[in-house]
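Residue numbers begin at 1 in each chain, while the letters A, B, ... track the order of the sequences.
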Amino acid sequence: MDKTYQPNTIEQKWYKTWEENGYFKPSGDTEAKPFCIIIPPPNVTGSLHMGHGFQESIMDALIRYHRMQGDNTLWQVGTDHAGIATQMVVERMLAAEGTSRHELGREQFIEKVWQWKAQSGGTITRQLRRLGASPDWSRERFTMDDGFYKAVQEVFIKLYEDGLIYRGKRLVNWDPKFHTAISDLEVLNEEKQGHLWHFRYPLADGSGHLVVATTRPETMLGDTAVAVHPEDARYRHLVGKTVKLPLTDREIPIIADEYVDRAFGTGCVKITPAHDFNDYEMGQRHSLEIINILDADANLNDAVPAQYRGMERFAARVQIADDLDALGLLEKVEPHTLKVPHGDRSGAVIEPWLTDQWYVKTQPLAEEAIAAVEDGRVNFVPKNYENMYFSWMRDLQDWCISRQLWWGHRIPAWYDNEGNVFVGRSEEEVREKYTLDADVALRQDDDVLDTWFSSGLWTFGTLGWPEETKALQAFHPSSVLVTGFDIIFFWVARMIMLTLYFKKEVPFHTVYVHGLVRDSHGQKMSKSKGNVIDPIDLIDGIDLERLVQKRTTGLMHPQDAPKIEKLTRKDFPHGFSAFGTDALRYTYYSLASTGRDIRFDVGRIEGFRNFCNKIWNASRYVLQNCEGYDCGQDNNGDFELTIADRWIVSQLQRTETSVRQALDSYRFDLASQTLYDFIWGEYCSWYLELSKPILKDENASNTIKIGTRRTLIRVLETLLRLAHPLMPFITEEIWQRVKTLACATGDTIMLQPYPKADSHKVDEEAETAIAWLKQVVEAVRNIRGEMNISPARKIPLILRSGSIRDKALLEQAHSLLMQLVSLEAITWLGAGEPTPTSATALVGEMELLVPMAGLIDVKAESARLQKEIDKLTKEFQRGQGKLNNPKFVSKAPAEVVSREKDKLAETESARKRLQQQLEALSRL
RNA sequence: GGGUGGUUAGCUCAGUUGGGAGAGCGACGGCCUUACAAGCCGUAGGUCACAGGUUCGACCCCUGUACCACCCA
């Protein structure tokens with residue numbers, strides 16, 4: 001093995017092997033438990049960001065964990081056509097080429113999109129492979145492939161036939177940039193500083209005026225009423241009268257409605273049913289006229305007086321305010337903060353606009369979907385997301401599913417010239433179904449479906465539905481959905497609704513919700529902030545100049561480049577070294593505590609790269625000492641286990657239990673921590689060191705040496721399997737080298753059984769023995785360290801006042817101790833023998849003495865002792881305070897009290913001994 | 001305005017039935033020790049946001065406050 005761990009040389013090699021050998025496919029074992037994860041489909045033309053990296057790493061850990069447990073495991077993979085996002089990208093490309101989709105026409109445009117997909121569609125799946133993700137690539141799906149389109153059609157038609165999809169003219173959220181309707185969820189409300197204008201509307205009878213307050217003066221041209229609260233004494237007498245709407249020749253009524261907030265503005269509001277959701281509702285209640293004054297670009301249309309026609313909406317706002325002012329109708333303008341709706345993709349200010357759209361009636365679907373979570377058929381992890389889900393589901397509006405886009409699933413509906421609607425799989429089927437003559441002209445709906453409509457069918461659509469396939473039978477419902485909280489409404493809720501309706505079962509049993517990946521300062525990663533980290537750069541490494549370049553090119557606001565460059569140079573003065581996939585994945589896991597966002601700190605990935613290196617080198621040590629030797633491969637051979645062997649095996653059992661427990665409860669952070677502690681803290685730091693004296697000892701028996709090698713190699717082999725779901729590459733690379741020595745068979749670690757604790761191997765005797773040994777070692781090391789005794793220098797150790805147990809333990813550990821702390825001799829001081837002046841430490845009742853002659857400075861040792869004594873004194877006082885409290889003694893459980901008493905006695909005894917030692921030193 | 005999560009070492013974070021505050025990174029001191037300097041050994045550093053309450057005992061449970069983040073209206 002190379003001396004240093006080089007991830008790049010092993011990762012791609014193993015991935016290729018795995019994929020070529022079909023290891024990612026389900027075992028197909030129908031007796032085994034099924035385990036299935038359906039990937040949240042990334043945008044087909046997208047590229048991997050930190051959020052993906054995190055999410056895919058979690059899924060892969062679960063998949064590998066279950067696969068190793070022998071489950072019939074499927075990770076279903078696929079990509080999403082991402083309607084708006086993809087169309088936007090292609091339109092931008094066309095614009096750069098000086099053309100547009102309208103010039104190309106629908107068919108050619110869609111052809112262009114497919115070309116773009118063919119060209120850039122492989123990026124994300126290639127990157128998934130770099131992460132070590134192990135989905136069954138042979139089953140890869142795309143939301144626009146033929147089979148999936150069939151599922152989408154079936155669902156649309158069935159819902160339509162069942163009366164759950166309808167077409168209607170309503171106010172929708174209109175995106176004037178993309179010229180499409182969008183759903184409520186795709187609208188982001190941003191707080192903005194604006195104004196509140198107060199305008200006078202003259203009463204038609206000439207008896208005065210009303211003052212209305214509005215944030216959107218331009219819509220006044222579409223006002224069809226003025227509303228006041230029915231109990232508002234200021235205005236009650238005016239209800240039923242009319243006002244003359246300024247700038248127009250219309251008279252509009254004054255109405256009373258509970259919805260009016262008396263405290264807002266003047267308590268009089270203008271009502272524009274065509275351009276405000278609340279006003280629309282009120283218009284319905286009062287049968288008001290609806291006057292649409294905007295066109296698809298959100299410019300004023302021909303329904304307004306001539307001088308405003310064609311005017312841009314925000315220009316019109318200023319103009320109308322000015323004109324009213326000129327007429328003396330502007331009473332005042334106040335600063336006002338308001339929520340302005342924006343399209344999540346376009347960023348354009350959204351207009352409520354009256355159009356014909358398709359809707360899903362959600363309430364009947366929601367009821368069952370709520371019940372499924374209430375009764376535990378679907379569980380959220382962490383649990384508190386269920387409340388978020390409930391509160392949204394209980395207040396669900398109908399879902400607008402039509403989009404005025406070209407890229408997507410075209411709505412399977414046709415119209416005749418009279419505007420009658422026919423829904424079916426194709427024009428032919430529609431003609432047959434509705435017995436339409438050949439001479440009836442039919443035209444298909446131009447719109448496509450919301451991308452989330454098709455994503456909603458993802459769990460069963462990818463498995464072959466509407467065919468009753470074997471995969472569908474075996475793997476649906478899926479086991480776990482791994483997703484971010486941000487798409488619980490967009491996707492999770494809709495999947496639950498649609499799947500329950502069509503499959504009569506839930507799409508998944510568990511929803512694991514992870515947090516957002518942020519930068520180390522807690523900022524969201526975004527191109528415009530220039531703080532994006534590309535996971536691939538962490539794997540392969542990138543130098544500072546290339547990183548700066550990457551972050552500062554293609555910016556929406558090029559003027560930010562210097563700021564971004566400065567920040568980048570400050571945060572990452574050396575760019576990133578090539579940390580490798582395993583280190584990256586391990587970092588994700590270590591940060592994956594539930595219910596909070598994660599701040600990605602590059603310092604941590606370095607630590608885990610070092611951890612990989614540690615495993616690498618430990619394995620080198622083990623192999624050096626095992627290859628070519630008898631490691632007990634012959635299970636019947638003679639071998640003998642030392643206390644250290646029994647101890648590490650015992651610790652391994654406990655680690656196996658904890659890691660499994662952590663993975664079963666989605667605590668990847670705890671799993672990674674537990675493994676790290678065991679591998680580095682116990683196996684490497686202690687066990688490998690403990691093995692050295694034995695393997696080097698020429699007097700040690702062969703059976704003991706075999707036992708040690710056997711333990712070295714078998715514990716290593718086991719921990720590789722234990723770690724494999726988290727760090728697939730390095731574990732495979734090393735496993736291939738150790739498997740034979742450890743008597744494992746098989747072609748890949750991927751398909752080995754996942755380690756399971758054997759409670760018979762838990763050995764408390766060995767654990768106490770090694771715990772004692774560690775205490776002694778640490779006490780001597782402390783003296784060495786504090787006294788600056790060179791590690792190379794051998795020192796004598798004298799023991800005094802030990803118990804029979806101490807003596808027995810020493811007997812057992814004598815030679816190990818000699819080596820571990822580099823001693824020249826260990827001697828027991830007999831009763832009455834003179835004590836040399838020494839540095840002192842305590843292990844229980846036993847005193848450790850390191851004679852000072854030539855080694856130790858009295859002053860330094862006195863200071864060290866004093867520090868120890870101070871610590872003990874504090875502890876003593878704490879304990880004494882507790883025990884002096886009669887309430888504690890009478891009310892606390894007896895075992896707590898007695899533990900406290902023992903502790904106090906120990907502390908006091910230790911303190912006294914050290915005190916004596918200190919006094920002895922001061923007499924010198 | 002309603003809701004959720006958070007506040008623990010300089011930084012990033014653990015801390016599950018309430019009973020002596022932990023890790024990694026960073027800092028400081030010492031080591032090229034035959035697996036590993038991407039390492040080893042040692043050390044320092046915390047009124048667990050604040051204020052009350054419950055309790056013999058609170059980082060943990062309850063109430064309130066402040067600040068941060070996010071969701072919804």
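- Which of A14(B), G19(B), A38(B) sits closest to the side chain of Arg899(A) comes down to G19(B).
- Comparing the C1' positions of C40(B) and U55(B) gives a spacing of 47 Å, expressed to the nearest Å.
- Ring geometry for Phe611(A) versus Phe608(A): interplanar angle over 60°, hence perpendicular rather than tilted (30 to 60°).
- Looking only at side-chain heavy atoms (C-beta outward), Ser619(A) and Leu716(A) come within less than 4.5 Å of each other.
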side-chain contact (heavy atoms from CB on, under 4.5 Å) evaluation trace for Leu688(A) with Leu712(A)
CA-CA 8 Å; Leu688(A) 296 193; Leu712(A) 275 173; 3.3 Å; yes
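- No contact: Lys874(A) has no heavy atom under 4.0 Å from any strand.
- For the P atom pair drawn from G20(B) and C48(B), the interatomic distance equals 15 Å after rounding to whole Å.
- In terms of phosphate contacts, Lys891(A) brings a side-chain nitrogen or oxygen within less than 4.0 Å of OP1 or OP2 of C56(B).
- Under the Watson-Crick or G-U wobble criterion, with both distances below 3.5 Å, U17(B) is left unpaired in every strand shown.
- Proximity of Asn610(A) to the phosphate of G39(B): a side-chain N or O atom is located under 4.0 Å from OP1 or OP2.
- Only the C1' atoms considered, G19(B) is 47 Å distant from C32(B), to the nearest whole Å.
- The distance from atom CG of Asn788(A) to atom P of G29(B) is 12 Å, rounded to the nearest whole Å.
- The residue Leu688(A) sits close to a base: some heavy atom pair falls under 4.0 Å.
- When heavy atoms are screened at a 4.0 angstrom cut-off, Pro893(A) is found touching base atoms of the nucleic acid.
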Set out, in order, the CA-CA distance, both residues' side-chain angles and the distance that settles salt bridge (Lys or Arg N to Asp or Glu O under 4.0 Å) for Arg911(A) and Glu908(A), then state yes or no.
CA-CA 5 Å; Arg911(A) 197 175 67 99; Glu908(A) 178 55 358; 3.1 Å; yes
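- Rounded to a whole angstrom, the distance from the P atom of G29(B) to that of U34(B) is 25 Å.
- For Gln6(A) against A38(B), no side-chain N or O and base N or O form a donor-acceptor pair under 3.5 Å.
- When distances are taken from the side chain of Glu689(A) to each of G15(B), A38(B), A35(B), the shortest belongs to A35(B).
- Using a 4.0 Å heavy-atom distance criterion, Cys612(A) is classed as making no nucleic acid contact.
- Applying the 6.0 Å contact sphere to OH of Tyr621(A) captures more than 12 heavy atoms from other residues, nucleotides or ligands.
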Protein-nucleotides 67-73 of chain B N/O pairs closer than 3.5 Å?
residue: A73(B); atom: N6; partner: Lys339(A); partner atom: NZ; Å: 2.4

What do the steps show when you test Glu900(A) against Lys882(A) for salt bridge (Lys or Arg N to Asp or Glu O under 4.0 Å), and what is the final call?
CA-CA 8 Å; Glu900(A) 236 6 274; Lys882(A) 252 185 167 177; 3.7 Å; yes
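- Ranked by how close their nearest RNA chain B nucleotide is to the 5' end, Ser685(A) and Glu786(A) are led by Ser685(A).
- Atom CG of Asp677(A) and atom P of G24(B) are 8 Å apart (whole Å).
- Using a 4.0 Å heavy-atom distance criterion, Ile789(A) is classed as making no nucleic acid contact.
- Distance from the side chain of Tyr5(A) is smallest to A38(B) among U16(B), A38(B), U12(B).
- OP1 or OP2 of A37(B) lies within a sub-4.0 Å distance of a side-chain N or O belonging to Lys3(A).
- Comparing U63(B) with C72(B), their C1' atoms sit 26 Å apart, to the nearest whole Å.
- The closest donor-acceptor contact from the side chain of Trp686(A) to the backbone of Ile648(A) lies at 3.5 Å or more, if one exists at all.
- The environment of Gln661(A) atom CD is sparse: at most 12 non-hydrogen atoms of other residues, nucleotides or ligands sit within 6.0 angstrom.
- With C1' as the reference atom, G10(B) and A27(B) are 8 Å apart, rounded to whole Å.
- Checking C61(B) for Watson-Crick or G-U wobble geometry (two distances, each under 3.5 Å) identifies G53(B) as its partner.
- Separation of the C1' atoms belonging to A44(B) and A49(B) is 25 Å when rounded to the nearest angstrom.
- Using a 4.5 Å heavy-atom threshold, the side chains of Glu861(A) and Met852(A) count as touching.
- Candidate nucleotides G24(B), A14(B), C56(B) were compared by shortest atom distance to the side chain of Ala892(A), and C56(B) ranks first.
- Nucleotide U7(B): paired with A66(B) (Watson-Crick or G-U wobble, both distances less than 3.5 Å).
- Ile679(A) is not listed as a side-chain neighbour of Lys614(A), based on a closest heavy-atom distance of 4.5 Å or more.
- With rounding to whole Å, Phe600(A) atom CZ is found 14 Å from C13(B) atom C1'.
- Base contact: Glu875(A) has a heavy atom under 4.0 Å from a base atom.
- G26(B) and C62(B) have their C1' atoms separated by 38 Å, with the value rounded to a whole Å.
- Side-chain proximity of Trp680(A) to U16(B), A44(B), C40(B): nearest is C40(B).
- Nearest nucleotide to the side chain of Glu778(A), out of G42(B), U16(B), G29(B): G42(B).
- A sub-4.0 Å separation between OP1 or OP2 of C41(B) and a side-chain N or O of Asn782(A) is absent.
- Contacts of Ser577(A) with the nucleic acid, taken as non-hydrogen atoms under 4.0 Å apart, are absent.
- OP1 and OP2 of A14(B) both lie 4.0 Å or more from every side-chain N or O belonging to Arg604(A).
- The partner of G39(B) is C31(B), by the rule that a Watson-Crick or G-U pair needs both atom distances under 3.5 Å.
- Of the candidates U33(B), G20(B), C41(B), C41(B) carries the atom nearest the Arg781(A) side chain, counting heavy atoms from C-beta on.
- We find that NZ of Lys570(A) is positioned 13 Å from P of C11(B), with the value rounded to whole Å.
- Checked against G15(B), U4(B), C56(B), the side chain of Asn384(A) finds its nearest nucleotide in U4(B).
- Using a 4.5 Å cut-off on side-chain heavy atoms (C-beta onward), Leu538(A) and Met50(A) make contact.
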